[in-house]
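Reading through the structure tokens given below for one structure.
Letters A, B, ... mirror the listed sequences (proteins, then strands); counts begin at 1.
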Protein chains: 2
Amino acid sequence: MVVAQKIKADDSTEEKIKSAARKLFTKKGFSATKTRDIATEAGINLALLNYYFRSKEKLFEIIMLENLGHFFQGVSIIVNDEKTGFHNKIELLVDFYISRLLVNPDVPLFVLNEARNNPKNLPLQFNLMNSYFMKQYMEETKMGRISKMNPGHLMINILGLAIFPFAARPMVQRIRNINDTEFEELMLERKKLVPQWIKAMLDINK
Amino acid sequence: MVVAQKIKADDSTEEKIKSAARKLFTKKGFSATKTRDIATEAGINLALLNYYFRSKEKLFEIIMLENLGHFFQGVSIIVNDEKTGFHNKIELLVDFYISRLLVNPDVPLFVLNEARNNPKNLPLQFNLMNSYFMKQYMEETKMGRISKMNPGHLMINILGLAIFPFAARPMVQRIRNINDTEFEELMLERKKLVPQWIKAMLDINK
DNA sequence: ATTCATTTTAAACAAATGATTAAAATAAAT
DNA sequence: ATTTATTTTAATCATTTGTTTAAAATGAAT
């Protein structure tokens, strides 16, 4: 039996508006994005934006939650999986971020900006510090398999090495004089390299 | 003989406007900053903004160049100094960035945003790749004192480890639940740690 | 076919915003 | 002291921008 599901088609008005809003908000931020730009990009009448989403703010909130999702969702599952080891989790985290950001390259700057403009909206579920990953980290140091590192530094280093190049993408491409393809290849390399580097950092004074 | 120099006093109208503009533009960006906010923050009549700086755009350009200066100026001197060694230069670079960003913590996100919105405005003087530092890097690898690493990765890693925590500051403080003082202490620690980490990364498979 | 609800459109509104103007206040020059 | 130049102010202008409205078009139900 075929169950008729009411899925919002990709070409529905609502979805067209959201796509346009996603594109513009993510790239230009809230203030620089005008409702008329969204309407034009979506190819719809301006009034439909308010008809479907009440206000620019409400529409922005939807996109914001989507983007925060891109950034934080999935991390919790990785860092709390009891079946994967400490170093393996780092590989999975780095792979996860780089893969996602290759598809959504504008998300990092969006999230960093949003985090500064509205720190309250940052999801608390991102419980990296109380995670199973942290337990494993403590165990590894206790066993002397890695050297002690302030967990704050460890977090900054993993995220920084994975995310920063995307936030700084135009600078990187300009300084190194590389095109989009070459940049993406560089990022793919980092999937393997970053975990090795983190390991090397954790091996100092072991 | 005392030479009378025409220094713009800190309390001059022009300087008051620039200070207010610097504060607001750097923190909120171009579009989210309103000319009336600048006037109020500076405690001056709105018309004086246009009287002294012609337009919001022109005023923004001045602040942008200042901020890019904070970010890029000084780097060239460090990386082209023939008297300092390879690893010493990394220490100096990291120290330089962290010191500057502790004073101007909002500059990184501003620059990253500006780099994406107007890649053309990025200064070309930032010739990290043709620097003496790069020559030294080649020499080090040739002598087998460090392992080969794509110069792009090396650049991303140095800048990322130094700059990313400032761009992600609210996220870092929220997740780690630390206050401003504790964050700054963490950054001071990184002055010593980042160069050690870079060294460890460069020692893999030496 | 007719009625009713939903969706879309063109037009307009009200507030916000960057900029300008002309007059007033202040400072500098003669 | 008087003139001239500079700086500041209040008011206003012209667009831009987010939102609303009332009518038209479209689709669904009876």
Side-chain angles (χ1 to χ4, degrees), chain A residues 2-65 110 113-114 117-118 121, chain B residues 2-65 110 113-114 117-118 121:
Chain A
V2 177
V3 179
Q5 266 192 285
K6 189 173 182 179
I7 298 280
K8 271 165 208 155
D10 274 5
D11 62 335
S12 76
T13 302
E14 209 176 327
E15 204 52 48
K16 278 193 286 185
I17 296 173
K18 262 176 71 175
S19 291
R22 178 164 35 244
K23 177 176 168 183
L24 295 177
F25 278 142
T26 308
K27 187 170 287 175
K28 297 153 61 94
F30 179 80
S31 295
T33 301
K34 310 303 175 188
T35 52
R36 279 167 182 78
D37 298 341
I38 298 175
T40 304
E41 172 78 28
I44 53 100
N45 186 289
L46 174 60
L48 290 176
L49 191 153
N50 296 82
Y51 178 76
Y52 281 102
F53 299 96
R54 310 249 337 140
S55 73
K56 184 189 174 189
E57 257 98 1
K58 292 250 189 295
L59 179 54
F60 180 78
E61 271 174 46
I62 291 169
I63 304 304
M64 181 200 69
L65 290 174
F110 177 94
N113 282 319
E114 186 58 25
N117 298 342
N118 283 80
N121 292 336
Chain B
V2 177
V3 178
Q5 264 194 284
K6 188 175 179 179
I7 299 280
K8 272 166 206 153
D10 275 7
D11 61 337
S12 77
T13 302
E14 209 176 327
E15 203 50 49
K16 277 194 286 183
I17 296 173
K18 263 176 69 176
S19 291
R22 178 164 37 242
K23 177 176 168 183
L24 295 178
F25 278 142
T26 307
K27 187 169 285 178
K28 296 152 60 92
F30 179 80
S31 295
T33 302
K34 311 303 176 185
T35 52
R36 281 167 181 78
D37 299 341
I38 297 175
T40 303
E41 173 78 26
I44 52 99
N45 188 290
L46 174 60
L48 290 175
L49 191 152
N50 296 84
Y51 178 75
Y52 281 103
F53 298 96
R54 308 243 345 133
S55 73
K56 183 189 175 187
E57 259 97 1
K58 291 250 190 292
L59 179 54
F60 180 78
E61 270 174 45
I62 291 169
I63 303 304
M64 181 200 68
L65 291 174
F110 177 94
N113 282 319
E114 186 58 24
N117 299 341
N118 282 80
N121 292 336

Kindly say whether A/Ser31 contributes a backbone atom to a donor-acceptor pair with the side chain of B/Ser31 at under 3.5 angstrom?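 Pair absent, no side-chain N/O of B/Ser31 close to backbone of A/Ser31.
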
Chain B footprint on DNA chain C, 5' to 3' - any atom under 4.0 Å from a heavy atom: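 Listing 5' to 3', DNA chain C meets chain B from C/dT17 to C/dT21.
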
Roughly, in whole Å, what's the span from [atom1] in [X] to [atom2] in [N]?
X: A/Arg54; N: D/dT20; atom1: CZ; atom2: C1'; value: 11 Å
X: B/Ile17; N: D/dT9; atom1: CD1; atom2: C1'; value: 13 Å
X: A/Leu48; N: D/dG18; atom1: CG; atom2: C1'; value: 15 Å
X: A/Phe53; N: D/dT20; atom1: CZ; atom2: C1'; value: 18 Å

Separation of [Y] [atom2] from [X] [atom1] (nearest 0.5 Å):
X: A/Leu59; Y: A/Arg54; atom1: CG; atom2: CZ; answer: 13.5 Å
X: A/Thr35; Y: A/Phe53; atom1: OG1; atom2: CZ; answer: 13.5 Å
X: B/Ile44; Y: B/Leu49; atom1: CD1; atom2: CG; answer: 6.0 Å
X: A/Tyr51; Y: A/Thr13; atom1: OH; atom2: OG1; answer: 9.5 Å
X: B/Ser19; Y: B/Leu24; atom1: OG; atom2: CG; answer: 10.5 Å

Sequence-distant partners of B/Asn121, side chain to side chain contact (heavy atoms under 4.5 Å, CB included), two or more places apart: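 Counting only residues at least two positions away or on another chain, B/Asn121 forms a side chain to side chain contact (heavy atoms under 4.5 Å, CB included) with B/Met64, B/Glu114, B/Asn118.
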
Hey, could you give me each pair passing salt bridge (charged side-chain N to carboxylate O under 4.0 Å, His left out) that has a residue in residues 28-52 of chain B? Not counting sequence neighbours.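 Salt bridge (charged side-chain N to carboxylate O under 4.0 Å, His left out) check on residues 28-52 of chain B returns B/Lys23-B/Glu41.
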
How is the base pairing of DNA chain C summarised as a dot-bracket string, given the Watson-Crick and G-U wobble criteria with both distances under 3.5 Å, [ ] for crossing and | for another strand? ||||||||||||||||||||||||||||||

Base, sugar-phosphate, or nothing for A/Ser31, non-hydrogen atoms under 4.0 angstrom?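 Since no nucleic acid heavy atom lies under 4.0 Å of A/Ser31, the category is nothing.
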
So what does B/Tyr52 hit on the nucleic acid, given a heavy-atom distance under 4.0 Å: a base, only sugar-phosphate, or nothing?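 Here B/Tyr52 touches the backbone only, sparing every base.
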
Which residues pass the salt bridge (charged side-chain N to carboxylate O under 4.0 Å, His left out) test with B/Glu61, not counting sequence neighbours?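 For B/Glu61, no residue satisfies salt bridge (charged side-chain N to carboxylate O under 4.0 Å, His left out) once neighbours in sequence are set aside.
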
Less than 4.5 Å apart, any side-chain heavy atom of A/Lys56 and any of A/Phe25?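 Yes, close enough: below the 4.5 Å cut-off.
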
Would a 4.5 Å heavy-atom cut-off, applied to side chains only, mark B/Leu48 and B/Glu14 as touching?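 Not in contact.
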
Detail all sub-3.5 Å separations between protein N/O atoms and N/O atoms belonging to nucleotides 11-16 of chain D.
none

